[in-house]
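These notes are about the structure you will find just below.
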Amino acid sequence: EIDLHILSKVQAQYPGVSINNEVVEPSAEQITKYKELVAKTSNLENIKFTWHKETSSEYQNRMMEKKELQKWDFIHMIQMLYYVKDIPATLKFFHSLLATSAKILITVVSGTSSWNKLWKKYGSHLHRDELCQYVTSSDLMQMLDKMGIKYECYDLLSTMDISDCFIDGNENGDLLWDFLTETCNFSTTAPPDLKAEIMKDLQEPEFSVKKEGKVLFNNSLSFIVVEA
């Protein structure tokens, strides 16, 4: 959905220009949904879609073997850098693919968000998949600074209603717990004292605001625009 929204903006800016859109996505389900959406969307005649069912590191290895790196005008990494093993190497590689005056758009949770506080305080206590890294815009900016890559960062203030987390047995609340902790079935498998501590913290002003009977978690995002 976001891809097609971006493409519609590009088409409006450059009417009639041919566009090559390559998608790197390891989930077959997501690729199928993308193809179904394209099939239902009009005005895509000048866009060539290519789908690669692979991770970004697999794509990187395949491109390096070809030794003929294609240059791109725009690359986006929307909520995906949590799932790569070597973030600096990934940034360096995709930055090398930028054509003159091209840009990369990166979207991750903000370093000022409550995600950052939650991960720093409880990350070591949570059982999670090795493929998921706790990374925020603050971490990425440090990496980009170290590599001497120019960028601009914009924050989007956002909140997430987590009120259902505090209703015992609430199905939506249980799913929110899984999402917040990156742990499957957290509500039923977590040590009671750990869940109680996190539950208490999530209601503190440091993490959330209470408004009209709801608990709103600070879910702010950052958009980092990387220059060629």
Side-chain angles (χ1 to χ4, degrees), residues 1-26 30 34 44 46-52 54-116 119-120 131-158 218-228:
E1 292 172 352
I2 294 174
D3 267 20
L4 292 182
H5 185 66
I6 290 171
L7 287 167
S8 70
K9 296 294 184 181
V10 175
Q11 284 180 307
Q13 187 72 23
Y14 304 100
V17 172
S18 295
I19 299 170
N20 288 325
N21 185 52
E22 291 213 6
V23 181
V24 179
E25 168 59 62
Q30 292 297 326
Y34 193 167
L44 299 178
N46 65 324
I47 304 175
K48 177 188 175 184
F49 292 90
T50 308
W51 287 274
H52 302 285
E54 57 191 352
T55 64
S56 64
S57 59
E58 289 169 342
Y59 176 84
Q60 178 178 338
N61 292 337
R62 184 166 59 82
M63 291 296 106
M64 295 299 286
E65 287 174 5
K66 290 173 65 175
K67 297 180 180 178
E68 290 184 11
L69 299 180
Q70 184 171 351
K71 297 291 184 177
W72 297 94
D73 297 304
F74 179 69
I75 299 171
H76 74 66
M77 304 175 177
I78 296 177
Q79 300 287 55
M80 61 77 68
L81 282 175
Y82 317 108
Y83 307 106
V84 300
K85 290 183 179 179
D86 190 335
I87 295 174
T90 300
L91 292 172
K92 184 178 180 181
F93 170 72
F94 283 101
H95 185 257
S96 75
L97 302 186
L98 291 179
T100 304
S101 301
K103 290 177 172 56
I104 297 174
L105 171 65
I106 300 170
T107 305
V108 292
V109 296
S110 170
T112 63
S113 71
S114 293
W115 289 106
N116 192 31
W119 292 340
K120 283 183 175 178
L131 287 178
C132 182
Q133 297 197 55
Y134 297 143
V135 61
T136 70
S137 59
S138 298
D139 302 313
L140 292 181
M141 286 190 286
Q142 288 181 15
M143 295 176 195
L144 292 167
D145 287 338
K146 191 173 182 179
M147 289 186 277
I149 294 176
K150 293 182 179 179
Y151 64 88
E152 292 182 359
C153 184
Y154 307 87
D155 271 8
L156 174 68
L157 300 180
S158 170
N218 181 345
N219 186 51
S220 294
L221 301 174
S222 289
F223 297 83
I224 300 175
V225 180
V226 178
E227 307 285 340

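All heavy atoms count here, side chains included; hydrogens, waters and symmetry mates do not. Small disclaimer: the values here were computed from a predicted structure and weren't measured.
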Between atom CG of D139 and atom OH of Y134, what is the distance when rounded to the nearest 0.5 Å?
-> 13.0 Å
Which residues share a side-chain hydrogen bond (donor to acceptor under 3.5 Å, both in side chains) with Q13, sequence neighbours left out | none
Sorted by chain and residue number, the ring pair (Phe, Tyr, Trp, His ring centres under 6.0 Å) partners of Y59 (sequence neighbours excluded) come out as H52
Shortest non-hydrogen pair, M141 vs C153, comes out as SD-CB, 3.8 Å
Mind checking the OG-CG spacing from S220 to L156? Nearest 0.5 Å is all I need.
-> 7.0 Å
For E227, what residues pass the side chain to side chain contact (heavy atoms under 4.5 Å, CB included) criterion, not counting sequence neighbours?
-> K103, K150
What residues, two or more places apart in sequence or in another chain, satisfy salt bridge (charged side-chain N to carboxylate O under 4.0 Å, His left out) together with E22?
-> none
To the nearest 0.5 angstrom, please state how far the CG atom of L81 sits from the CG atom of L140.
-> 6.0 Å
What distance do S57 atom OG and R62 atom CZ have between them, rounded to the nearest 0.5 Å?
-> 12.0 Å
Non-hydrogen atoms of A99 and A228 that approach each other most closely | O-CB, 3.4 Å
By side chain to side chain contact (heavy atoms under 4.5 Å, CB included), which residues pair with E1, not counting sequence neighbours?
-> L37
How long is the gap from CZ on F49 to CG on L44, to the nearest 0.5 Å?
-> 5.0 Å
What closest approach, in Å, do Y34 and L7 show between heavy atoms, and which atom pair accounts for it?
-> OH-CD1, 4.2 Å
Could you list the residues that satisfy side chain to side chain contact (heavy atoms under 4.5 Å, CB included) with S56, not counting sequence neighbours?
-> M80, V84, T90, F94
All N/O donor-acceptor pairs, side-chain side in residues 107-114, below 3.5 Å, sequence neighbours left out:
unit_1 : atom_1 : unit_2 : atom_2 : d
S110   : OG     : T112   : N      : 3.0
S110   : OG     : T112   : OG1    : 2.8
S110   : OG     : D155   : OD2    : 3.2
S113   : OG     : S110   : O      : 2.7
S113   : OG     : W115   : N      : 3.3
S114   : OG     : F207   : O      : 2.6

Who are the side-chain hydrogen bond (donor to acceptor under 3.5 Å, both in side chains) partners of N46, not counting sequence neighbours?
-> Q11
Any L221 side-chain heavy atom under 4.5 Å of Q79 side chain = yes
Check: K85 main-chain N/O paired with Q133 side-chain donor or acceptor under 3.5 Å = yes
T136 versus W119: any side-chain heavy-atom pair under 4.5 Å?
-> yes
Partners meeting side chain to side chain contact (heavy atoms under 4.5 Å, CB included) with F74 (sequence neighbours left out) = I6, H76, L105
NZ of K120: more than 12 outside heavy atoms within 6.0 angstrom?
-> no
W72 side chain near N20 side chain, heavy-atom distance below 4.5 Å | yes
Taking every heavy atom of D86 against every heavy atom of A89, the minimum-distance pair comes out as OD1-N, 3.1 Å
Under the side-chain hydrogen bond (donor to acceptor under 3.5 Å, both in side chains) test, residues paired with Q30 that sit two or more places apart = none
Non-hydrogen side-chain atoms of L69 and F93 separated by less than 4.5 Å | yes
Give every residue pair that meets the salt bridge (charged side-chain N to carboxylate O under 4.0 Å, His left out) criterion with at least one member in residues 104-113, sequence neighbours excluded.
-> none
Set of residues satisfying side-chain hydrogen bond (donor to acceptor under 3.5 Å, both in side chains) with respect to Q142, sequence neighbours excluded | none
V226 side chain reached by L91 side chain, heavy atoms, under 4.5 Å = no
Can you check whether L98 reaches I75 side chain to side chain, under 4.5 Å on heavy atoms?
-> yes
Can you measure from CD1 (I149) to CD1 (I104) and round to the nearest 0.5 angstrom?
-> 7.5 Å
